[in-house]
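Each ligand, and each atom within it, is numbered from 1 in the order the structure gives.
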Amino acid sequence: MANLASLAVVILAAGQGTRMCSNLPKVLHQVGGRSMLDWAIIAAQEAGAAKIIVVAGPHAPQVGAHVEARLGKGALAIQDHPLGTAHAVLAARDSLGDFSGDLLVTYADAPLIRAAHFAALRDGLDGADFVVMGFEAADPTGYGRLILDTDGALVGIVEEKDASPAQRAITICNSGVMVGPCAQMLRLLQRVGNANAKGEYYLTDVIGLARASGARCAMVLAEERAVLGVNSRSQLAQAEAAFQAAARASALQAGVTLMDPQTVYFSFDTAIAADVEIEPNVVFGPGVQISAGARIRAFSHLEGALIGAGCEVGPFARLRPGTSLAERVKIGNFVEVKNTQMSPGAKANHLSYLGDCLVGPRANIGAGTITCNYDGFAKHRTLIGEDAFIGSNTALVAPVRVGARAYTGSGSVITRDVPAGALAVGRARQQDYAGWADQFRAKAGARKAAKDA
Ligand code: UD1
Ligand code: MG
């Protein structure tokens, strides 16, 4: 039966994350192009949380600013001193006010936990007052162990440092995610002490206290890879690998062709239609959407780009934010495109930079064409009309407009608008000096021969 109580989520994000060796607070490090903190916030939002409170430390103003920008001032609670996870949840007490629904506590350093995990945990509330998400650990070192009675009910959680050898042999561990009635959980949290190996107020002690007060406690199992907690760069890399593995699997399942899946990297929001073909060694930064039938060739890097049906991109192409390719556009090798709209059938096949540009239907951009869009202070637009033909190695000095059907001569520097249907040539005129090369060869050759003799 679905749980109908309203939900508050407290996300614990205090603590320095010193093992990351970073100036950036741990929870702002990214997995799949999204910060770990945002993964937690979005999971809470998708789980339908009526209230989300992030507990941050006083020494991480970046975390506070991030939370306020995303969720508003009321969503931030500060834990003055990191005295433990129970103490951290209590820092959110004022923000929770007299909230009467379920309280779910989760950690901001577990970037693979999703709304579905929260939902599974809440389903456990049908038969229990408190539910903890556990997992079977391949290596339980460092985790809290879940103590179950013979009926499988949860009796308590023992932190590794406080565990007896027999308890350490338990491999069912605490993920850190827990849910229970808000008011009751806050009452129990106030009774948690710190007489333990770390001298900390443990959130996990709530379970033993709940049991002692007659409450029923249960465990719901999650897969170990879903609850991976990140405390180091190496665990961050593991989380990224797990994210990528899942993203590749879901792309394949959705009908995308990946020639060598292990070499393709996705972002949290990469959206690829069925029957798109992706060659090896392609990286998708945030904000990429690709329509059916497009082909992304090897060694391309795409970010903030919309790719229309039937486009071909790469090999070795770079699409930067603000790029939008209509149907059947071709972007070839060593072409960089930024903040540029390419109309249907337009092509830039080789060695170009197109920045702040609007390219008309079927226009052809010759090899080596560069938009000179930046004067050191501001960016300027280049407008290229339909069926225009930009000769190889043209420099388009923006702001500038090339009319429909116009040609530019190869090697031109175009500084003025080109009328529709015209040819613009802006380069030095060729001069031929008859016989010069033969005379030069004869003279220089004779000089060298005399010297070598
Ligand atoms: C915690 C659990 C352990 C579980 C493990 C899963 C407790 C006592 N132990 O251990 O059972 O197996 O996570 O990864 O809860 N935090 C604060 N303020 C504090 C202390 C921590 O906000 O005063 C935050 C941290 O930023 C982190 C989370 O709470 O996001 C967990 O804290 P951490 O110190 O990493 O706990 P573990 O020892 O890993
Ligand atoms: Mg931890």
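A distance of 6.0 Å or more separates the ring centres of Phe268 and Phe243.
Under a 4.0 Å heavy-atom criterion, Cys173 is not in contact with ligand 1. Ligand 1 lies less than 4.0 angstrom from a heavy atom belonging to Glu159. The shortest separation from a heavy atom of Gly144 to ligand 1 is under 4.0 Å, placing the residue in contact.
Every atom of ligand 1 with a heavy atom of Lys198 under 4.0 Å away is listed here by number and element: 38 (O). Listed by number with element, the atoms of ligand 1 under 4.0 Å from a non-hydrogen atom of Pro82 are 23 (O). In summary, the atoms of ligand 1 found under 4.0 Å from a heavy atom of Asn174, numbered by their order in the structure, are 2 (C), 3 (C), 4 (C), 5 (C), 6 (C), 11 (O), 12 (O).
At least one N or O atom of Gly84 sits closer than 3.5 Å to an N or O atom of ligand 1. On a distance-only criterion, Tyr202 and ligand 1 share no N/O pair closer than 3.5 Å. The distance criterion of under 3.5 Å between nitrogen or oxygen atoms is not met by His81 with respect to ligand 1. Considering backbone and side-chain atoms together, Leu12 places an N or O closer than 3.5 Å to an N or O of ligand 1. Ligand 1 has an N or O atom lying under 3.5 Å from an N or O atom of Thr85, backbone or side chain. Considering both main-chain and side-chain atoms, Thr204 never comes within under 3.5 Å of ligand 1 through any nitrogen or oxygen pair. Considering both main-chain and side-chain atoms, Lys26 never comes within under 3.5 Å of ligand 1 through any nitrogen or oxygen pair.
Within 4.0 Å of atom 37 (P) of ligand 1, not a single protein heavy atom is present. Under the 4.0 angstrom criterion, atom 34 (O) of ligand 1 counts as lacking any protein heavy-atom contact. Proximity of atom 16 (N) of ligand 1 to the protein is indicated by at least one non-hydrogen atom lying closer than 4.0 angstrom.
A donor-acceptor pair shorter than 3.5 Å cannot be found between the side chains of Asn194 and Tyr202.
Ring geometry for Phe316 versus Phe299: interplanar angle under 30°, hence parallel rather than tilted (30 to 60°).
At a heavy-atom distance under 4.0 Å, no atom of Ala86 approaches ligand 1. In Leu83, the part holding a heavy atom less than 4.0 Å from any atom of ligand 1 is the backbone. Only the side chain of Ala88 comes within 4.0 Å of ligand 1, judged by heavy-atom distances.
Taking every heavy atom of both residues into account, Met133 and Leu121 meet most closely at N-CD1, 3.4 Å.
When each of Cys311, Pro361, Pro344 is checked for a side-chain contact (heavy atoms from CB on, under 4.5 Å) with Arg328, only Pro344 meets the rule. Among Ile331, Thr323, Val282, the single residue meeting the side-chain contact (heavy atoms from CB on, under 4.5 Å) criterion with Leu302 is Val282.
Between Glu160 and Arg145 there is a salt bridge, with a side-chain nitrogen of the basic residue lying less than 4.0 Å from a carboxylate oxygen of the acidic one.
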